[in-house]
Amino acid sequence: ETLNSMVPLWQRAKKDVTQEEYDEFYTKKFADYEKPLSTITVNAEGTLSFRAMLFIPGRAPYDYYTREYEKGLQLYSSGVMIMDKCAELLPDYFSFVKGVVDTPDVSLNISREMLQHTRQLKVIANNIEKRIKNDLLRMQRDEPEKYEQFWNAFMTQIKYAIVGDYGVNKDKLRDLLMFVSSNEEKLTTLAAYKDRMAEGQKYIYYASGESVQRVAKLPQAERILAQGYEILYLTDEVDEFVIEVLEKHDDIEFKSINDADALPETEEEKQAAEKTAEENEELLEFVTSTLEGKIKEARISKILRSHAVCMTTDGALTIEMEKYMHRRGNVIPGMETERVLELNPESGAFNALKNAFEAGNEELAGKYAELLYCQALLIAELPLEDPAAYSDLVCSLMQ
């Protein structure tokens, strides 16, 4: 009776190996106390033959997001290991995958330098890349809870891979993306969002902030949600850059809730907005001059409904992008956002401002303008330049 055939696990037929054996191999071989989320086996035959056993971990290694982490699969030639971590077998965005590759088509005597440039290795790497992506999409479709676990562990790697190298990998990875949505505030893929789009909806809407709870309460979101449209909540610092690189999904453009043209506007609505802006031109100029150096301009808002004020920007650089660059210390002089103070002409706060200005009480009107500006900063989660002065301002208006 043969007790141990000494045949490596990856060379045995899949039907002859249990999932428990795969899991035990993974935890012992790669020093992980959690079993893998998925096991991928490959048995390719033809002009180039190889076997592979790949594992998608359920968590990121402690050193994964450090420079010390080394990616790569163990490379064997007919059962003899010739390289412990062959980095050329994995693209950077799938560097979390562990496993082994065994092929008789690579010589045992080949040098590491020659091995890295062999055609066989490139063919194997392309095959493995496709198998990994297909398995992730299968997991996303058939085992959503497992996929969410994978996503929470490795989403940073996928997102930065999309942003990096000028977006060269965006089409390979866009289907793997997930964002929290206003639809039950759960993670969703772009494909699922598209399938749920309301009749007549033209864009994929998104909003940015530091948490789902705060983004959901943004004044700018009110008009989009009132139409029954879904919003993607971007709460990771790189998310807006990802959307910027993607540009669209299946020919559907992404649209920020901050954009004035996010919803279609009738000719009547357009004329009414222009009339309101003209009627309040002097007031808007007063607010802009009062807040000189702090905002580009004050504007009658097309995006507010019940709220009095919000802060938006002109140009490609958004508030969240500016925050990101400040955290990274990458702010370039002259590259700051062009902030716009949006005012709701239907709000009581705007009426108070207008009444003070028209009564000639510019001191009071100036205080109201400063107060609204500070309120907009708070909503946008931007720091107040002088919290003590803001407190004194509020208290002075209460006297």
### Query
Under the 3.5 angstrom rule, does the side chain of S77 hit a backbone N or O of V106 as a donor-acceptor pair?
yes
### Message
Taking K255 first and then D261, would you say they form a salt bridge - that is, a charged N and a carboxylate O separated by under 4.0 Å?
### Response
yes
### Query
Heavy-atom count around E363 CD within 6.0 Å, excluding the residue itself: above 12?
no
### Summary
Heavy-atom nearest pair, Y205 first then E230, reads CB-O, 3.7 Å
#### Entry: Hphob cluster co-occupancy, I128 + V97, side-chain heavy atoms under 4.5 angstrom
yes
### Query
Is the closest side-chain donor-acceptor distance between R196 and T188 under 3.5 Å?
yes
### Query
In terms of heavy-atom contacts, does NZ of K35 have more than 12 from other residues, nucleotides or ligands at under 6.0 Å?
no
### Query
Which pair of heavy atoms, one from I158 and one from Y93, lies closest together, and at what distance?
CD1-O, 3.7 Å
### Task
For side chain to side chain contact (heavy atoms under 4.5 Å, CB included), just list the numbers for V123 and F50, CA-CA rounded to whole Å, side-chain angles, deciding distance to a tenth of an Å, and then say yes or no.
CA-CA 10 Å; V123 173; F50 74 94; over 6 Å; no
### Task
Spell out, yes or no, whether I303 and M311 are grouped together once hydrophobic residues are joined by side-chain heavy atoms under 4.5 Å, including indirect joins.
no
### Query
When rounded to the nearest 0.5 angstrom, what distance separates OH in Y22 from NZ in K29?
15.0 Å
### Message
Within the structure provided, determine whether D175 and H249 are in side-chain contact (heavy-atom separation under 4.5 Å).
### Response
yes
### Task
Looking only at non-hydrogen atoms, find the nearest pair between Q120 and L48 and report the distance.
O-CD2, 3.5 Å
### Task
For E143 and L37, run side chain to side chain contact (heavy atoms under 4.5 Å, CB included): C-alpha distance rounded to whole Å, both residues' side-chain angles, the deciding distance at 0.1 Å, then the answer.
CA-CA 10 Å; E143 300 177 284; L37 290 177; over 6 Å; no
### Query
Between W10 and Y76, how do the two ring planes meet: parallel, tilted or perpendicular, split at 30° and 60°?
tilted
### Contact check, side chains of L177 and L173, non-hydrogen atoms, under 4.5 Å
no
#### Entry: D314 side, atom CG; T312 side, atom OG1 - distance, nearest 0.5 Å
6.5 Å
#### Entry: Distance-only polar pair, side chains of S182 and Y229, donor-acceptor under 3.5 Å
no
### Message
Looking at E21 and R12, is any side-chain nitrogen of the basic one under 4.0 Å from a carboxylate oxygen of the acidic one?
### Response
yes
### Task
With side chain to side chain contact (heavy atoms under 4.5 Å, CB included) as the test, would you mind laying out the steps for Y233 and S181 before giving the verdict?
CA-CA 6 Å; Y233 295 155; S181 160; over 6 Å; no
### Query
Does a side-chain heavy-atom distance below 4.5 Å link I252 with M197?
yes
### Message
Less than 4.5 Å apart, side chain to side chain, heavy atoms only: is that true for L73 and L90?
### Response
yes
### Min side-chain heavy-atom separation E279-K275 under 4.5 Å
yes
### Message
For the CG atom of L397 and the CG atom of L364, what is their distance to the nearest 0.5 Å?
### Response
6.5 Å
### Message
Heavy-atom count check: over 12 atoms from other residues, nucleotides or ligands less than 6.0 Å from K294 NZ?
### Response
yes
### Query
Same cluster or not: are L317 and I243 linked, directly or through other Ile, Leu, Val, Met, Phe, Trp or Tyr residues, by side-chain heavy atoms under 4.5 angstrom apart?
yes
### Query
Between T103 and S49, which heavy-atom pair has the shortest distance, and what is it?
OG1-O, 2.7 Å
### Query
In this structure, are over 12 heavy atoms from other groups packed under 6.0 Å from R174 atom CZ?
yes
### Query
When you check the gap from the basic side-chain N to the acidic O, do K323 and E320 get nearer than 4.0 Å?
yes
### Query
With no hydrogens and no angle check, is any side-chain donor or acceptor of N344 less than 3.5 Å from a backbone partner on H307?
yes
### Query
Can you find a pair of side-chain heavy atoms, one from R339 and one from L382, that are under 4.5 Å apart?
yes
### Query
Does the Y373 side chain pair with the main chain of I295, one donor and one acceptor, at a distance under 3.5 Å?
no
### Query
Roughly how far, to the nearest 0.5 Å, is the NZ atom of K194 from the CG atom of D250?
4.0 Å
### Summary
Value for CD1 (I124) from CD (E88), rounded to nearest 0.5 Å, stands at 12.0 Å
### Message
Minimum heavy-atom separation for L218 and S208, please, with both atom names.
### Response
CD1-O, 3.7 Å
### Message
If the test is side chain to side chain contact (heavy atoms under 4.5 Å, CB included), which one of L284, V287, L341, V340 qualifies with E297?
### Response
V340
### Query
If you measure from CH2 on W151 to CE on M178, what distance do you get to the nearest 0.5 Å?
8.0 Å
### Message
If hydrophobic clusters are built from ILVMFWY residues whose side chains come within less than 4.5 Å, do M398 and L372 share one?
### Response
yes
### Task
Return yes if some donor-acceptor pair links the side-chain N/O of N169 with the main-chain N/O of I162 below 3.5 Å, else return no.
no
### Query
Quick check: does any side chain N or O of D165 sit under 3.5 Å from a backbone N or O of V168, one acting as donor and the other as acceptor?
no
### Q157 (side chain) donor-acceptor with D92 (main chain) under 3.5 angstrom
yes
### Task
Establish, from distance only, whether the side-chain atoms of Q140 and T189 form a donor-acceptor pair under 3.5 Å.
no
### Within-4.5 Å side-chain heavy-atom neighbours: R131 and N127
yes
### Query
Is there a donor-acceptor pair closer than 3.5 Å between any side-chain N or O of Q220 and the backbone N or O of N258?
no
### Message
Just so I know, are the side chains of E240 and Y324 near enough to count as touching, which here means a heavy-atom distance under 4.5 Å?
### Response
no
### Message
Side-chain heavy atoms nearer than 4.5 Å, only ILVMFWY residues, links allowed to pass through others: does that put M155 and V180 together?
### Response
yes
#### Entry: More than 12 heavy atoms of other groups within 6.0 Å of D195 CG
yes
### Query
Going by atom types only, do N134 and R138 share a side-chain donor-acceptor pair under 3.5 Å?
no
### Message
Suppose we call two aromatic rings close when their centres sit under 6.0 Å apart. Are F96 and F150 close by that rule?
### Response
yes
### Query
Are the charged groups of E129 and K172 less than 4.0 angstrom apart, N to O?
yes
### Worked verdict on L377 versus Y390 for side chain to side chain contact (heavy atoms under 4.5 Å, CB included)
CA-CA 11 Å; L377 289 179; Y390 171 69; over 6 Å; no
### Query
Looking only at heavy atoms, which two atoms of F55 and P36 are closest? And how far apart?
CD2-CG, 3.7 Å
### Task
Look at the side chain of K159 and the backbone N and O of V238, then say whether any donor-acceptor pair between them is shorter than 3.5 Å.
no
### Task
Could you label the plane-to-plane angle of the F286 and F357 rings as parallel, tilted or perpendicular, counting under 30° as parallel and over 60° as perpendicular?
tilted
